[in-house]
Undergrad: 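Quick one: this structure, given as structure tokens, is what I'll be asking you about.
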Amino acid sequence: AVVSTQSTGGNAIATFGLGQGHASVGPANIKAKVGQFSAQAVAGPGFGAFADATVVEAGISAGNVAGIHVGLNANTGAGVRNGNVEAHLLGFGGKIGADGIEINTPIGGVNACSVM
């Protein structure tokens, strides 16, 4: 398990994670995570409050073009962070911005067109 906290430049975050990993094969990216929890307050750059809770997740993407993930989460929060405008309530929500467009549910989601 990994526990960390940090506070820099108007951004405070606390995280706990049991494990995560990723691999790339050509343009395909594969990722997995288990027991990832974080709380974040953003007051610059960006703004908002977020609580991300993922029990388990597995995902695959084709470069920066499109991706899909399945798992179980209850992510909740709203604001602007990492160049994206986002809003989630108990896993339902999405974001748009530097990471493209993403639509999520508590059991998975899709993303497309990350061009920045």
Undergrad: Any sub-3.5 Å donor-acceptor pair from N29's side-chain atoms to S24's backbone N or O?
TA: no
Undergrad: Can we say D52 and R81 salt-bridge, meaning some charged N sits less than 4.0 Å from an Asp/Glu carboxylate O?
TA: yes
Undergrad: Using atom types as modelled and distance alone, determine if a side-chain donor or acceptor of T54 lies under 3.5 Å from a backbone N or O of V56.
TA: no
Undergrad: Is it true that, when you exclude I60 itself, more than 12 heavy atoms of the residues, nucleotides or ligands shown sit nearer than 6.0 Å to its CD1?
TA: yes
Undergrad: With clusters built from Ile, Leu, Val, Met, Phe, Trp and Tyr whose side-chain heavy atoms come within less than 4.5 Å, directly or transitively, what are the remaining members of the cluster of F50, listed by chain and number?
TA: V42
Undergrad: Name the residue from H69, K95, E86 that meets the side-chain hydrogen bond (donor to acceptor under 3.5 Å, both in side chains) definition with N104.
TA: H69
Undergrad: Other residues, nucleotides and ligands only: do more than 12 of their heavy atoms fall within 6.0 Å of CG on L90?
TA: yes
Undergrad: What's the separation between atom CG in N73 and atom CZ in F37, rounded to the nearest 0.5 Å?
TA: 10.5 Å
Undergrad: Hey, any chance I107 and F92 share a hydrophobic cluster, counting ILVMFWY side chains that come within less than 4.5 Å of each other, even indirectly?
TA: no
Undergrad: If you look at every heavy atom in E102 and N111, which pair is closest and at what distance?
TA: OE1-CB, 3.7 Å
Undergrad: Please list, one pair per line, the donor and acceptor atoms closer than 3.5 Å that link side chains of residues 1-17 to other protein atoms, with sequence neighbours excluded.
TA:
residue : atom : partner : partner atom : Å
S4      : OG   : T15     : OG1          : 2.5
N11     : OD1  : Q40     : NE2          : 2.9

Undergrad: Determine whether Q20 and K31 make a side-chain contact, defined as any pair of heavy atoms from C-beta on separated by less than 4.5 Å.
TA: no
Undergrad: When rounded to the nearest 0.5 angstrom, what distance separates CD1 in I96 from SG in C113?
TA: 10.0 Å
Undergrad: Identify, with sequence neighbours excluded, every residue that meets side-chain contact (heavy atoms from CB on, under 4.5 Å) alongside V80.
TA: F47, V85
